[in-house]
Each structure stands twice: as C-alpha cells, then as structure tokens.
Amino acid sequence: MADYTELNQEQQAAVHHTDGPLLILAGAGSGKTRAITYRIAWLIEEMGISPYQIMAITFTNKAADEMRQRVDALVPFGGDQVWIATFHSTCVRILRRHIELLGYDRNFTIYDTDDQKSLIKECYKALQIDPKNIPERAAMNEISNAKNEFLTAEDYCRENQDDFRKSRIGEIYREYQKRLRANNALDFDDLLFRAVELFQFHPEILEQYQERFRYIMVDEYQDTNRIQFLFVRMIAGKYRNLCVVGDDDQSIYRFRGADIRNILDFEKVFSDAAVIKLEQNYRSTGNILNAANEVITNNRGRKAKRLWTENAEGQKIRYREFESEYDEAEGIARELKAMNARGIPYEDCAILYRTNAQSRVLEEKLLLYNIPYRIFGGVNFYQRKEVKDLLCYLKVIDNGRDDLAVRRIVNVPKRGIGMTSIERAAQYTQEQGGNLLDALFEAEQVPGLKRAEAKIRGFTDLILEFRARAAESSLSELFEDILEKTGYRKELEQEQTEEALARLGNLDELLNKIVDYEEHADEPDLSGLLEEIALVADIDNLEENRSCVVLMTLHSAKGLEFPHVFLSGMEEGLFPGMMSILAEDSSELEEERRLCYVGITRAQKTLHMSGARRRMVHGESRYSKASRFVEEIPEEYMEYGEQDDRPRARGYAAGSGGTLSGKVSSGKTGYFKKPYQSYAMPLNQAVSIDYAVGDRVKHIKFGQGTVTEIRPGGRDYEVTVDFEKVGVKKMFASFAKLKKM
DNA sequence: CTCCTTTGTCTTTTT
DNA sequence: GACAAAGGAG
C-alpha cells in the first residue's frame, strides 16, 4: 500500500485531482514520476478504478520501463494491468487490430530511418528528381513534419501549390506513401498518423478505446507534437480525465516537431483544466540548482518559475579547459579514477555530450585507464549490417510485400543476382503490378531474367523453405536455419578476421534477443518480434548491475539522474552548435540552452564541466572558446581547475565570430584506430569467467552442459562445452554468457 | 557481376 | 576522419 504522506503538498494535490483535465508543471527533479506513479496507485487503491482502464504514455522505452517498475513496486495487485507504453508502441498495438480497415495487412512492416531513406531514393528515381536539387534529408524532414501536422500528401500538395520546390516535395510525398502502401509498410510517423486516421474514420472504434481508457496520463508532455496531441485528445475526448505532465524548460525535441504550444496552450484547449506546479527540487545540491536556474533565465519564451531546494549547497561546479579533446577525455578519465579511489562507484558517474561522435575519444581514454563503461545510443545495434540482413530475411518471411527487404537480401550472401536482374524484376512489377518477390517467383515469365533464373530459383526456394519452417518451428530455430541454409554464418566464419568474429558475435546477440522475446512474449510470433525490434531503439539495460560509467548524449539523459555528472565539450560551435548560433531566430539557441539545463539538472551531488580549446571536426582542427552556457553561470557557484581556467581569462580567441576554423596541421598523433566493436563484448570489459573445466554450465539457447576446455585467446576465452541436447560447441566466453550451475 | 577506388557528405538530437 | 554512394576496371 502506497504511503501518500511521503508526498509534498503539491504532489498530493496532483494525486488527488483525479477527474477532469490536469496540467502538472513539473520542474527538473521535482518528483514528477513519483507523482504519476502515486497517482496511478491512488486511482487503483482509493478510487477503485480498474487498472485496466488506466493508460500512461511516455516517449521513450526507457521512461516506460522505469515507470512500469515503479508502478509494480508501488501497486502489488493489478499494477501490471496498467497500460504503460510509448506513443509509438501504443499505436502499433491498436493498428495491429484494426489496420485492415485502412487497407493494410495486419502484419505490416515498420520502416526505420534507413529504410525510409532507401524508399525515398526509389521515389527520386521514379520521379527523376536529382538529390542535388532537393537533398533526401530535406524531403524526409518535410514529409515527416507534414505527417506530424496530420497533413496527407494531398493536403500538402494543395497547400503548397505555388511553391515550386515544395510542390516537388509534395510529389515525392505522394509517391513515397504509394510505395509504403505497396510494401505494406508504415514509417514511424505513420504509426501515429494512421492511428488518428483510424479514429477519425471509424468513430465506433475510437469509442471502444475511449471507454476502455478512462484515465490517461502523458509524461514529458512538452515534447508532444501535433499528431500526438490529436491522438491524446481523441482518446481522452469522452471522459476527459487527462493528466499531462511536463516542463517547458525541458523541451528539447522541437527539431522533430515537438510543439511547445501543446503545453503552453493546454489551459485554452481544456478551459476547465487545473494547473499544479511542482517547484521543489529533491535531486540536486543548491549550487547545481542555482547554476541551472541562472542558465535557463536567459531564455525568453518560457513560463516563469524558479526551482528551489532544501538540499545543502554542496560542492561548487568544476570547470576545466583542456588543450584538445584527447586531453579533455584524459582529464575526465583521471578524475573518474581518482573519484573511484575515494570510494565512489563507477555507476554513480555519467559523462554527457552533445553529439554521439564525441563518445569515440572518451571511449578510447576510458579504455586506456581501464575504467568500465557503458554507452547508450550511437550506432544502433539493429542497424548493423549483419543484424539488418538477418532481420530482412525475417521480414520477407513475414511480409513478402516488403520490396525493400527483398532487395536487400536477394543477393546476400552473394548468389550472383546483380543489379540488372533486380531492376528487370522491378520493371516487371511496375508493369504487371504485384510485388518484387512475386516477380522473382515468376522469374521465367519476366523478360530478360532467363540467365539468372536458376540463381533466382535458389533464392525463392529458400524463402519457401523458411516459410514452411516458420509455420512449424520456434523463432530461434528459424533464425538458426536461416543462418545455416543461406550460408551466412559460413561466409563470416571463413573470413577469419576480427571484424567477422565481432559480426558473428552480434548475430549471437540477436539470437539471444530472439530467445528472450520467445520467453517473455505472451504469444510470440514473427510479426511481434519484428515490431518489438523496430520500436526498441536499442538493447538497453540488458545487464544493469555491472559497475560502469555511463556515456550518453544529453538527449538520452533526459529523465535520468546521476550523483556525479560530467558535461563534456562545453564549447561554442559544439554546444551550442554552430547551426543554432548562426540561426536568425533565437529559438534554436534557446533549445540548446534548455538542453544545457537538462544536462545540469541531471546531477545530484557534483557537476564537472569541461571543454577543449582545439578539437578535430571533419578531419580539421577547429578552435573554439568556452561555451556561453558556462559563462552564464555566476562565478560564485563555480570552481576552476588548477590553471586559470576562467573562461574570460583567455586571449587566444580574439576573433569576433567565436569559432575560428582553419586548416591547422592536423597534428596526427599515434592514436590507434578503433577496431570494429561488437555490441556483445565491449572491449574494455575484461572477460571474467566464474567456471572452470568440468563445471556444469547453462546457456540461454543450448541448455545445460559440461565445460570440457577453456582456452585463453586474445582478450577473450574460447570455451568448449559438451551440451546434453546439442552436443559439443565451441564459443567465446563473452558472447556465450554461460551461467555456472 | 564483383571488387576496388574515388568522391562527397556529414554532426545535432529519437521513435 | 568515417562512412556510404557512385564510378571504373577486371
């Protein structure tokens, strides 16, 4: 039973206000998630609401997972029945049931950004548009924005008739949608778009969901865009028990369509809305909070508020400036070592940065100093070539209409089916209708495919075989089957390079993920697996408990907190980024500032900021001065490094522009090229094993067995195990994740 | 049809 | 500097 007296007055007010629209303006660290979870508990325990009728929507999977955990901890019975999910997965679940009404198959595919780009390229080709005139990115952004505004291709064309460039983009949009539909695929934006469309055209279905979800909560409301707002407003339209929680100062996703008006105008749309402000911060020391307040006051477009805390002043904020990014990384690594020696565990520390690219150097130095770390984000595991290839096999087996996936794998591994053959089949598809895979199945009828027919047959036979297999075996067996029969595994094994080994490791990791899915899903099936993978940004928190420093971008740090935070790369031109400095409009700079505010307020006890005077960008040295955000913090809250690191004490950046960029000798130092790194085995984690020859061990897939040999090799161990079910297998300790029995 | 070299673009950030 | 896409040789 939840103890509501642990909450402060405002939090209690938020918990007790259950009916009607409610806006909670929750500053950083003000116990926002706590208020929501207690509110859920209150609804169930005190109001007798069925957990089945409560919905909580978040933006990221991380946030959803965390809320799930906290609700489960707080509500012993029925908590697991509360619908807690991201916008996107909520929509997918709805669409899986009803999308046939909109003319799609239920087993539609979800396209990620890479897929989108490939499809856009096809549109360019079909429409004979030169990407030099309109960069693909621009078109993609424009289309995405249109979708976020709930504009169809027709709407978009109509609105932009007079603008030549935009009407071209309109054509692309139209073609793009046509192809998505032909492929039975939806992109991320479509998930929201189609769900709203479904509700619009089928009010009877909307009503089902209105009846079901009588109490709705939306977290990080400041990051919602137009279509998400429409979605929420529709579902909450009948009972109007809508509680949104947000902080306009933490709105950092405007670039992807987040509409700050959603929070600023909430009271206009829901005129009877109650507003509760949470302004007491429980997270940070006085100094950190003051610094954050000082920085954010420089923004003009915001609701007035000032966070306060009863916490002690704490240590001052450390700022240190280094010669280069390597020095900076080394400085951070040394500091971490020193802190660790003082008894601060590594998992209490986080290094945050503006762009993913900055993580490389940091990684390198942490490696050098033997500091264990974990990186969030970056190159998505599921975007790796080998992983994507195998996923495309699964996609084709599941949804044969996905031409993009067919194209990708038809010649992987090499089967001697080249571009010309594929283009001929595509041509035939254009003329006859149907999909690429159909054309391949009818290769003998397709003009110009005679020579390749036998090879194509080899591919289509495989697909048939896999489909048969999919019908009778488990997903992991199917996966193994693909790996074997296509010769994919063999090809990598024969390569005998470290990179190929890492790729094999990643495929093992994918297999683990599949097994994991099979064990946890209610009714595991191929569509479900692919959906989960499409919507999960990454395999996060697979193993949380290891003591590691965490590295991530400021964006992914939102919603998290750490005792000790390092903000790296505090330089003009990097953070705030060049684009935002040069922009006419100050709003871009304000978004960067909010991002900085988010970064500062992640810290509980100490905050370290650092920057480099010289940094390699695009292969050339760039000089920059300290970030204006550092200078916006009054000196009284700051403490500078051993040399005089006061930002203003610097005379070298005399220019007015802030960033002097020139081709200064690139000063190539002997830094080693980072080897292709496997996700499954971060290189710095010395592999330790707790089993020996003769021990009984358990493997996630192969089951139980006995260790017969352990051979040290490189930075890993090659372990031979005799499994009861599958016989003798050799594997690398770091991939195999063997558990001693 | 495949492999290799060259060229160009990129740095925001996530589902 | 890193990676993908395009172009050219075998």
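Throughout, protein chains are lettered first and strands after them, A, B, ... in sequence-line order, and every chain is numbered starting at 1. Atom set for the values below is all heavy atoms of this structure, side chains included, hydrogens, waters and symmetry mates excluded.
What separates CD of Glu136(A) from P of dC10(B) is a distance of 10 Å, to the nearest Å. Between Lys132(A) atom NZ and dT9(B) atom P there is a gap of 8 Å when expressed in whole angstrom units. Whole-Å rounding puts the Arg384(A) CZ to dA4(C) C1' distance at 16 Å. Here dG1(C) presents its C1' atom at 16 Å from CD of Glu363(A), a figure rounded to the nearest Å. Rounded to an integer number of Å, the gap from CE of Met140(A) to P of dC10(B) is 12 Å. Rounded to whole Å, atom C1' of dT13(B) lies 11 Å from atom CZ of Arg137(A). Nucleotide dT11(B) holds its P atom 9 Å from the CE atom of Met579(A), rounded to whole Å. If you measure from atom CD of Gln358(A) to atom P of dT13(B), you get 10 Å, rounded to the nearest angstrom.
Looking at the side chain of Ser556(A), the nearest of the listed nucleotides dA4(C), dT14(B), dA5(C) is dT14(B). Distance from the side chain of Thr60(A) is smallest to dT14(B) among dA4(C), dT14(B), dA5(C). Of the candidates dT13(B), dT15(B), dC3(C), dT15(B) carries the atom nearest the Thr86(A) side chain, counting heavy atoms from C-beta on. Here the nucleotide nearest the side chain of Thr113(A), chosen from dT15(B), dT14(B), dC10(B), is dT15(B). Listed candidates were dT2(B), dT13(B), dA4(C). Nearest to the side chain of Asn411(A) is dT2(B). Ranking dA5(C), dT15(B), dT13(B) by closeness to the Lys121(A) side chain, first place goes to dA5(C).
Using a 4.0 Å cut-off between a side-chain N of Lys or Arg and a carboxylate O of Asp or Glu, Lys558(A) and Glu220(A) qualify as a salt bridge. Using a 4.0 Å cut-off between charged side-chain N and carboxylate O, Asp223(A) and Arg254(A) make no salt bridge. Under 4.0 Å is where a charged nitrogen must lie from a carboxylate oxygen, and between Lys625(A) and Glu572(A) no such pair does. At a threshold of 4.0 Å, the pair Arg261(A)-Asp259(A) counts as salt-bridged, since one of the basic side-chain nitrogens sits closer than that to a carboxylate oxygen. A salt bridge is defined here as a Lys NZ or Arg NE, NH1 or NH2 lying under 4.0 Å from an Asp or Glu carboxylate O, and Arg194(A) with Glu197(A) meets this definition. A salt bridge does not link Arg93(A) to Glu531(A): none of the charged nitrogens lies less than 4.0 Å from a carboxylate oxygen.
Ser421(A) comes within contact range of the sugar-phosphate backbone alone, with a heavy-atom separation under 4.0 Å but no base atom that close. Tyr253(A) comes within 4.0 angstrom of the backbone, heavy atoms only, and of no base. Looking at heavy-atom distances under 4.0 Å, Glu592(A) makes contact with a base. Counting non-hydrogen atoms under 4.0 angstrom, Gly577(A) reaches nothing in the nucleic acid.
For the pair His88(A) and Ala452(A), both in contact range of DNA chain B, the more 5′-proximal nearest nucleotide belongs to Ala452(A). Both Lys414(A) and Thr355(A) lie near DNA chain B, and the one whose nearest nucleotide falls closer to the 5' end is Lys414(A).
Checking Asp402(A), Asp190(A), Leu186(A) one by one against Tyr111(A), the side chain to side chain contact (heavy atoms under 4.5 Å, CB included) holds for a single residue, Asp402(A).
Paired regions of DNA chain B, where each region holds three or more successive Watson-Crick or G-U pairs whose two hydrogen-bonding distances fall under 3.5 Å, are B:1-10 with C:1-10.
The phosphate of dT13(B) has OP1 or OP2 within less than 4.0 Å of a side-chain N or O from Asn356(A). Contact annotation: Thr553(A) reaches the phosphate of dT14(B) (side-chain N/O to OP1 or OP2, under 4.0 Å).
In this pair, Phe59(A) does not lay its aromatic ring on the base of dT14(B); centres under 5.5 Å and planes under 30 degrees do not both hold.
The minimum heavy-atom distance between Glu571(A) and Ala612(A), with the atom names listed, is OE2-N, 2.7 Å.
Residues satisfying the salt bridge (charged side-chain N to carboxylate O under 4.0 Å, His left out) test with Arg97(A), not counting sequence neighbours, are none.
Remark: the separation of the P atoms in dA4(C) and dT13(B) is 15 Å, to the nearest Å.
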